[in-house]
Amino acid sequence: MALKMPNGILTKACYRSVVTARRAGIAITGCWVLSFLVGLVPMFGWNNMNNLRNEQNSTENGLIITCQFETVISMEYMVYFNFFVWVLPPLFLMLIIYLEVFNLIQKQLNKKVCANSKDPHKYYGKELKIAKSLALILLLFALSWLPLHTLNCITLFCRTCKTPMIITYVAIFLTHGNSAMNPIVYAFRIEKFQSTFLYIWKKYFCCKPSRFRNGRHTIGESSKNVL
């Protein structure tokens, strides 16, 4: 049964009724389409091509472009549009949401009596663990992307400042490494993700047969209840 929580926390049954697979798929697809369009903005004209043409207007061999990111991509786009619009506001919004989630869950865990639940600590303890895992993902995202965006701000607002290339390379490496860190964190922090990764690894890489029981995949003795 769905439980009525005084602080408005969605119970498991209520969550499943609101966040359906179809709605989740639409939300994920919308995020991908939006990010794709945002990434295409420089191709629609917000780039340094006009400046390069003006600088090389007198050349006879046509436009010569140095193959460097900052030469082609506008720092105004990277800072004002990309960073100030599509990175910082969602980051702060997610931070506020997670702080509110932690606050609500902690209030439920601190209650001595819960008339509608036999074991509230078991339920909310699990929810708190998942919330901490997702907060860790958010923290890693911030640590991975903020250095590069900070360097972009320095490049735009301090034209005379010279950033050592090794720092730039480290910042770029962090942004690429963020995509590799997410599945690792999911696997170590969330049991269902760990079981799913084990299922995929054993079935497709170790060529071990899997079993299907009660609508769920199982593999040997070590992985159960894989979604």
Side-chain angles (χ1 to χ4, degrees), residues 1-41 81-109 114 116-117 119-142 144-145 175 178-201 203-204 210 212-219 223-227:
M1 294 180 60
L3 306 178
K4 294 182 179 180
M5 296 302 168
N7 290 327
I9 299 179
L10 292 177
T11 62
K12 190 174 183 180
C14 182
Y15 176 84
R16 288 182 175 179
S17 65
V18 174
V19 185
T20 62
R22 182 175 179 273
R23 291 174 180 173
I26 293 175
I28 294 172
T29 302
C31 289
W32 276 100
V33 171
L34 181 61
S35 61
F36 180 74
L37 294 176
V38 170
L40 287 180
V41 168
F81 186 69
N82 194 357
F83 185 42
F84 289 169
V85 175
W86 296 106
V87 175
L88 279 184
L91 190 62
F92 284 124
L93 178 61
M94 291 301 297
L95 178 60
I96 294 173
I97 291 174
Y98 278 121
L99 290 177
E100 181 65 14
V101 168
F102 286 134
N103 182 46
L104 292 175
I105 294 178
Q106 196 61 44
K107 286 182 179 179
Q108 294 298 324
L109 289 175
C114 183
N116 296 323
S117 179
D119 192 1
H121 286 267
K122 181 179 180 181
Y123 174 76
Y124 287 107
K126 180 180 178 181
E127 296 299 309
L128 181 62
K129 182 180 179 181
I130 295 176
K132 287 181 178 179
S133 300
L134 298 178
L136 178 60
I137 295 290
L138 182 66
L139 175 62
L140 291 176
F141 172 83
S144 299
W145 283 95
T175 61
N178 179 244
S179 299
M181 286 187 290
N182 286 348
I184 296 176
V185 174
Y186 279 127
F188 278 95
R189 298 283 301 181
I190 302 178
E191 183 179 355
K192 289 184 178 180
F193 275 92
Q194 183 182 47
S195 301
T196 303
F197 285 140
L198 285 175
Y199 164 73
I200 294 174
W201 177 264
K203 181 177 180 180
Y204 295 102
S210 61
F212 195 79
R213 182 185 303 168
N214 297 329
R216 298 171 182 265
H217 292 287
T218 59
I219 305 176
S223 179
K224 298 182 179 179
N225 296 332
V226 181
L227 293 179

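In this chain, residues are counted from 1 in sequence order. Bear in mind that the values here come from a model prediction, so they are computed numbers and not experimental data.
Residues Ala187 and Gln194 approach most closely at O-CB, 3.0 Å, considering heavy atoms. The two residues Val185 and Ser133 have their closest heavy-atom pair at CG1-O, 4.4 Å. The minimum heavy-atom distance between Lys132 and Arg189, with the atom names listed, is CB-NH2, 3.6 Å. Ala131 approaches Val101 most closely through the heavy-atom pair CB-CG1, 4.2 Å. Scanning both residues, Trp86 and Phe81, for their nearest heavy atoms gives CD1-O, 3.1 Å. The heavy-atom pair separating Val18 from Arg23 by the smallest distance is O-NH1, 2.7 Å.
Rounded to the nearest 0.5 angstrom, Leu91 CG and Ile96 CD1 are separated by 10.5 Å. Between the CZ atom in Phe193 and the CZ atom in Phe197 there is a gap of 6.5 Å [rounded to 0.5 Å]. Rounding to the nearest 0.5 angstrom, the gap separating the CG atom in Asn182 from the CD1 atom in Ile137 is 4.5 Å. From Ile105, atom CD1 reaches atom CD of Glu100 across 10.5 Å, with rounding to the nearest 0.5 Å. To the nearest 0.5 angstrom, Thr175 atom OG1 is 10.5 Å from Phe141 atom CZ. Within the model, atoms CG of Leu138 and CD1 of Ile97 stand 10.0 Å from one another, a figure rounded to the nearest 0.5 Å.
When atom types are taken as modelled, the side chain of Thr29 and the backbone of Ile26 share no donor-acceptor pair closer than 3.5 angstrom.
The side-chain heavy atoms of Ile200 and Thr196, taken from C-beta on, include a pair separated by under 4.5 Å. Residues Val87 and Phe92 fail the side-chain proximity criterion, which asks for heavy atoms closer than 4.5 Å.
Counted within 6.0 Å of CZ on Phe102, heavy atoms from surrounding residues, nucleotides or ligands total more than 12; the atom is thus considered enclosed.
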